[in-house]
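Remarks on the structure that follows.
Both ligands and their constituent atoms are indexed starting at 1 by order of listing.
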Amino acid sequence: MLNLKEHPQRRYNPLTGEWVLVSPHRLSRPWQGQVEDTAQEQRPAYDRDCYLCPGNLRAGGVRNPRYTSTLVFDNDYAALLPGTPADTINERDLLIASGEPGICRVVCFSPRHDLTLSEMSVPEVRAVVDVWVEQYRELGARSEVNYVQIFENRGAMMGASNPHPHGQVWATLDLPNEVVKEQQGFTKFRMAHGNCLLCEYQKLEESSGTRTVCGNDHFYVVVPFWAVWPFETLVLAREHVSDFGGLSNEQRDSLSAILIRLTSIYDQLFRAPFPYTMGFHQTPTDGNSDHEWHLHAHFYPPLVRSATIRKFMVGYELLGMPQRDITPEVAAERLRAAAGHVKRWPAAARSEIPPG
Ligand code: H2U
Ligand code: ZN
């Protein structure tokens, strides 16, 4: 009999159709590899050299306004450019390319240089959520935008160029790879079961509670059964909401609170600020109503065991498939334990961990 706590195993990700190798027996392996330097510098509330702080000059020569809440601007080094010809090139089915018009924006979460989402109040994060909703609507309404990818890279380890709290929005003509895979996952599950994959998954996870991290009225956080990154989490809307366009006022507050709660737990786990890439997946803005989506966010933190040891996708993972040692169940347990040690919860983020 396969014992998920003991035996090497493959786990299936029904969202992407990919498998991950889990090796629970390998946890005690010694480590003599790279140790990341996470020396914490004290950050000032305002940094005159920061290109995201209010009133400062950006690289393109534009001066930021003296903003008091959030700020959105077109990325001065945009990876995508509007007006790019969307022509396709195909040489013998071997050399295939197509032009990708798009728009890249930067979203500053706060005028304060020294804060992170975990240290902001619910109304402050709510302002960020409102900007995301606005960006999704505004960019998604353009005929040449079929997908709006909203994300945050936090921490130098994840390649963030600046500690000032900020995220990015990339809007493209084509659906990106991960989105194409997930769309197939939702469709395949609905054809087989007549229901939404993530509605069903959430019910299943909440009934056992084994992988539950936290939750509130409208959102629920789980370490997915198929997680690749050690402390990867999935943030799910409890009701079937397809995208930011369908979020009520209450749901937006609830999302703000859960983001604060989850990032506080992460900060507590090893040492703040915990690095990660996070981002939202939701309905493409291609006007194709056949596709059914369930709004969710992925958090992909790279840390394994401490603030200094990170996971690399190398070796077998590059050539074969992703692999993990600590099981998703143990990771969820550790995140729940960390939650119990958070000293200062922002008032509205204090909601209880669902029993499990
Ligand atoms: P990251 O830290 O996630 O890389 O985001 C910062 C973005 O800010 C980055 O994409 C842009 C970079 O191109 N940027 C500007 O748009 N203007 C600047 O003056 C510097 C950086
Ligand atoms: Zn700054």
field: Lys/Arg N to Asp/Glu carboxylate O, D74 vs R58, below 4.0 Å
entry: no
query: What protein heavy atom sits nearest atom 8 (O) of ligand 1, and how far away is it?
result: V106 CG2, 3.6 Å
message: Would a single hydrophobic cluster contain both V179 and F151, if residues Ile, Leu, Val, Met, Phe, Trp and Tyr are joined by side-chain heavy-atom contacts under 4.5 Å?
response: no
message: I'd like to know if R238 and E206 make a salt bridge, using a cut-off of under 4.0 Å between side-chain N and carboxylate O.
response: yes
field: Same apolar cluster (I L V M F W Y, side chains within < 4.5 Å links), L175/L80
entry: no
- prompt: Would you call the rings of W19 and Y12 parallel, tilted or perpendicular, where under 30° means parallel and over 60° means perpendicular?
  reply: tilted
- prompt: Going by an N to O cut-off under 4.0 Å, is there a salt bridge joining E134 and R137?
  reply: no
message: Just to check, does E152 reach to within less than 4.0 Å of ligand 1 when the distance is taken from its heavy atoms?
response: no
task: Note the single closest protein heavy atom to atom 21 (C) of ligand 1, along with its residue, its atom name and the distance in Å.
output: Y51 CE1, 3.1 Å
- request: Among all protein heavy atoms, pick out the one at the shortest distance from atom 10 (O) of ligand 1; state its residue, atom name and that distance to 0.1 Å.
  value: N75 ND2, 2.8 Å
message: Salt bridge or not between E333 and R336? Use side-chain N to carboxylate O under 4.0 Å.
response: no
message: Among all the protein's non-hydrogen atoms, which is closest to atom 3 (O) of ligand 1, and how far away is it?
response: Q168 NE2, 2.8 Å
- prompt: Taking only protein atoms, how many N, O or S atoms are found under 2.8 Å from the Zn ion (ligand 2)?
  reply: 4
- request: Go through ligand 1 atom by atom and flag the ones less than 4.0 Å from a non-hydrogen atom of A160.
  value: 2 (O)
message: If we count only N and O atoms by modelled type, under 3.5 Å, do the side chains of Y136 and T285 hold a donor and an acceptor together?
response: no
A59: numbered ligand 1 atoms lying under 4.0 Å from its heavy atoms: 18 (C), 19 (O)
- prompt: By side chain to side chain contact (heavy atoms under 4.5 Å, CB included), which residues pair with E329, not counting sequence neighbours?
  reply: R11, T210, R211, F225, T327
statement: Of D76, V107, N153, D74, the one whose closest heavy atom lies nearest atom 17 (N) of ligand 1 is D76
task: Report yes if R58 has an N/O atom closer than 3.5 Å to an N/O atom of ligand 1; otherwise report no.
output: no
Lys NZ or Arg CZ of R48 over Y46 ring: under 6.0 Å, within 45°: no
- prompt: Any idea which of G167, S161, C108 brings a heavy atom closest to atom 6 (C) of ligand 1?
  reply: S161
message: Using 30° and 60° as the class boundaries, would you call the ring planes of H298 and H296 parallel, tilted or perpendicular?
response: perpendicular
